[in-house]
Colleague: 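Take a look at this one; I'll ask things after.
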Amino acid sequence: MSASIPQTLTANGPVDDDVLIVGAGLAGLFLALQLAPRPCTVISPAPLGQAASSAWAQGGLAAAMHPLDSPEQHAADTVAAGAGLVDPIIARLIAEEGPARVRDLVALGVPFDRTPDGALALSLEAAHSHPRVARVAGDLAGKAIMDALVAAVAAAPHITIIEGVRATGLMQDANLQVAGVILRDNAGTLSTRTARETVLCTGGSGGLFQVTTNPPEARGDAVAMAWEAGALIADLEFVQFHPTAIDIGRDPAPLATEALRGEGATLHNRDGTAFMASYHELAELAPRDEVARAVHTERLSGRGAFLDCRTAVGEHFPDHFPTVFGTCKSAGIDPRTELIPVAPAAHYHMGGIVPDFWGRSSLDGLSVCGECTSTGVHGANRLASNSLLEAVVFAHRIAERLREAEFATPNASTGHVPGALPVPALQELRGAMSEKCGVVRNATGMTSVLELIERLNTIHGPARALTTARLIVQAAINRKESRGGHFRSDYPDMIEPERQFLLRDFEETVRV
């Protein structure tokens, strides 16, 4: 089989949109609403609200809303969890702006849980020093937020929605200004959609791993497209593995929210031993990377890993955590009386396209928001429930910048689209990524993944999934230490903290 040849498309006519938002998750829809009254177009690969990781978020949105809490303490917790690589300015920025964005969501109709006196009911999650996670019905925050946003978008006259198409390449003019995207519809037909300002809000890269909590389509395409276009990329080695995906053989793996451990649920191995205290002094409330490695070690040893919610939640399960309860029951598990089998799963990509404080990438005409970015706020290990917070804070900031901006009109533009990776090849890649570039990594395993990527590239061409996987693996090989979500058995110690930045122009990692 010969490798597929990338296709080239050009656009010479009038620009289609002022602002083109690629992605219809929390970041994309909140941005679109905040742009009012400026017209914008949103690209959604599926019917609105159905293809976004945001809707699957269970824990909620972290913000310092309690009278005894403060943005300063929230920022400090964020910095501490990020293992030396968090940008403290960005941590302070999202912590200070977070409460206002929660109030924006309340105004949009998000039914956050309330205390009897009407205040927000705030939950404790791992590595937070104070309860500050706003939730909906225990584990329905993502769905409730997305439902409210979808309803608001449907009623907003300034927003145009294009469904059933996926961005597969960036258009650029001769000055490298981004001029829109190449779209592929469900029949495989390619078209262009040009814009004066393009905003990528496309989610993460978990679908590159065999065991993931992400939608399978979330394979880091934005990272590959932006890298090819010459945008600055950072932190790609840092993939967060959620420690408690429900291990029932489903793809993607359902999630048992961290809020369960915040409520007091404990992790046990097959013989009933509670094991987290022997791995970390904070036990079940240790940072996610620590808990994920503990669960991974117990499973690798053959002892297994199970979440015990019987005492902490018990009979309240159907009301307090309906999503987890429904998933367990569908697999024949009653979490009120039985342990839940769990496994680590690729959950969140801390790395991505680098923006400035206002969401601008290093390329003219391109802004970025949400999980496809690397703002510097997550460092090597994202603090629980900071992802939704980051998305709404930066969406708001991008909207503030773009709402009345005057844009440069791009010239005639060109874009390139490689062929897609066939399903058997993609599954081979996902298996290798989970096994050899997963919770615990080493040079031998990761080098073999690079060899697989090169072989698949020779056969199938430079598919987006291969490009992003190569960048992740190479960054992980380059980081010869263990830090946060990146743990190497051959380099278990930490060295001086430094981020890794990548520009295609240099074809190698640039450290600063």
Side-chain angles (χ1 to χ4, degrees), residues 26-27 31 61-64 71-98 101 127-128 199-205 220 222-223 226-227 231-240 287-289 347-363 366-398 400-401 471-472 475-476 478-479 481 483-486 494-503 509-512:
L26 172 61
L31 168 59
L61 191 151
E72 292 83 359
Q73 188 57 55
H74 186 181
D77 290 348
T78 298
V79 170
L85 292 185
V86 170
D87 183 329
I89 303 301
I90 302 294
R92 184 66 178 262
L93 184 153
I94 73 160
E96 288 186 344
E97 296 190 12
R101 302 292 75 81
H128 287 273
V199 190
L200 295 180
C201 306
T202 58
S205 307
V223 169
W227 177 83
L232 184 66
I233 311 292
D235 304 331
L236 292 184
E237 67 271 35
F238 294 115
V239 177
Q240 186 166 67
R288 278 184 176 173
D289 63 302
H347 183 61
Y348 189 89
H349 199 177
M350 277 84 77
I353 308 158
V354 178
D356 69 4
F357 288 4
W358 294 95
R360 284 179 291 232
S361 79
S362 60
L363 295 175
L366 181 67
S367 298
V368 291
C369 189
E371 192 176 347
C372 66
T373 71
S374 179
T375 64
V377 77
H378 303 307
N381 190 43
R382 175 177 67 89
L383 183 66
S385 292
N386 266 358
S387 53
L388 300 186
L389 173 66
E390 178 197 40
V392 293
V393 166
F394 273 87
H396 176 81
R397 294 179 70 80
I398 293 170
E400 288 282 287
R401 174 170 58 86
L471 293 171
I472 292 171
N478 291 348
R479 182 170 289 280
E481 65 162 346
R483 182 180 297 275
H486 168 76
M494 281 199 293
I495 56 177
E496 284 299 306
E498 54 181 356
R499 295 177 68 188
Q500 290 194 86
F501 292 84
L502 179 67
L503 270 177
T509 299
V510 180
R511 288 195 174 96
V512 296

Colleague: Using modelled atom types only, decide if a donor and an acceptor are shared between the side chain of S361 and the backbone of V368 within a distance under 3.5 Å.
Modeller: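 Side chain of S361 to backbone of V368, a donor-acceptor pair under 3.5 Å: no, none is there.
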Colleague: The criterion is ring pair (Phe, Tyr, Trp, His ring centres under 6.0 Å); which residues satisfy it with H349, sequence neighbours excluded?
Modeller: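 Expected list: none.
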Colleague: Taking salt bridge (Lys or Arg N to Asp or Glu O under 4.0 Å) as the definition, give me every residue that meets it alongside R360, ordered by chain and number, with sequence neighbours left out.
Modeller: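 Only D356 meet the salt bridge (Lys or Arg N to Asp or Glu O under 4.0 Å) criterion with R360.
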Colleague: Report the residues that fulfil side chain to side chain donor-acceptor pair (under 3.5 Å) with R397, sequence neighbours left out, ordered by chain and then residue number.
Modeller: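 With sequence neighbours excluded, R397 shows a side chain to side chain donor-acceptor pair (under 3.5 Å) to E97, given in chain and number order.
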Colleague: Just jot down the side chain to side chain donor-acceptor pair (under 3.5 Å) partners of T78, sequence neighbours excluded, or say none.
Modeller: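 So T78 forms a side chain to side chain donor-acceptor pair (under 3.5 Å) with N386.
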Colleague: Going by the salt bridge (charged side-chain N to carboxylate O under 4.0 Å, His left out) test, which pairs reach into residues 82-95, not counting sequence neighbours?
Modeller: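 Applying salt bridge (charged side-chain N to carboxylate O under 4.0 Å, His left out) to every pair that reaches into residues 82-95, excluding sequence neighbours, yields E72-R92, R92-E96.
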Colleague: A side-chain contact here means heavy atoms from C-beta on lying under 4.5 Å apart; do F394 and T373 qualify?
Modeller: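 They are not in side-chain contact.
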Colleague: For residues 376-387, which residue pairs qualify under salt bridge (charged side-chain N to carboxylate O under 4.0 Å, His left out), counting only residues two or more places apart or in two chains?
Modeller: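 Every candidate salt bridge (charged side-chain N to carboxylate O under 4.0 Å, His left out) pair involving residues 376-387 fails, so no pair, neighbours aside, qualifies.
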Colleague: Excluding sequence neighbours, so at least two apart, what forms side-chain contact (heavy atoms from CB on, under 4.5 Å) with A231?
Modeller: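 Only A226, I353, S362, L363 meet the side-chain contact (heavy atoms from CB on, under 4.5 Å) criterion with A231.
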Colleague: So, H128 side chain and A384 main chain: donor-acceptor pair closer than 3.5 Å or not?
Modeller: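 Side chain of H128 to backbone of A384, a donor-acceptor pair under 3.5 Å: yes, one is there.
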Colleague: Could you tell me which non-hydrogen atom of L389 sits nearest to which non-hydrogen atom of A62, and how far apart they are?
Modeller: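 Residues L389 and A62, closest heavy atoms: CD2-O, 3.2 Å.
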Colleague: Which heavy atom of A95 sits nearest a heavy atom of A75, and at what distance?
Modeller: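 Of all heavy-atom pairs spanning A95 and A75, the closest is CB-N, 3.9 Å.
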Colleague: So, using side-chain contact (heavy atoms from CB on, under 4.5 Å) as the criterion, who are the partners of E400 when residues are at least two apart?
Modeller: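 With neighbours one apart ignored, the set is W358, H396, R403.
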Colleague: Test of understanding: with salt bridge (Lys or Arg N to Asp or Glu O under 4.0 Å), list the residues that count as partners of E481, not counting sequence neighbours.
Modeller: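 Result, salt bridge (Lys or Arg N to Asp or Glu O under 4.0 Å) vs E481: R479, R483.
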Colleague: Heavy atoms only: give me the nearest G351-L236 pair and the separation to one decimal.
Modeller: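 Heavy-atom minimum between the residues: C-CD2, 3.9 Å.
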Colleague: Using the side chain to side chain donor-acceptor pair (under 3.5 Å) criterion, which residues pair with R101? Sequence neighbours excluded.
Modeller: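 Side chain to side chain donor-acceptor pair (under 3.5 Å) check on R101 returns D104.
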Colleague: Applying side-chain contact (heavy atoms from CB on, under 4.5 Å), name anything that partners N381, two or more places apart in sequence or on another chain.
Modeller: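 If we apply the side-chain contact (heavy atoms from CB on, under 4.5 Å) test to N381, skipping adjacent residues, the hits are Q240, P287, R288, D289.
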Colleague: Where do N478 and E237 land on the side chain to side chain contact (heavy atoms under 4.5 Å, CB included) test, with the steps shown first?
Modeller: CA-CA 9 Å; N478 291 348; E237 67 271 35; over 6 Å; no
Colleague: Would you indicate whether the side-chain heavy atoms of S374 and I233 approach each other to under 4.5 Å?
Modeller: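 I233 does not reach S374 side chain to side chain.
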Colleague: With sequence neighbours left out, write down each residue that passes side chain to side chain donor-acceptor pair (under 3.5 Å) with H378, or none if nothing qualifies.
Modeller: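 Checked H378 against side chain to side chain donor-acceptor pair (under 3.5 Å); matches are Y348, E390.
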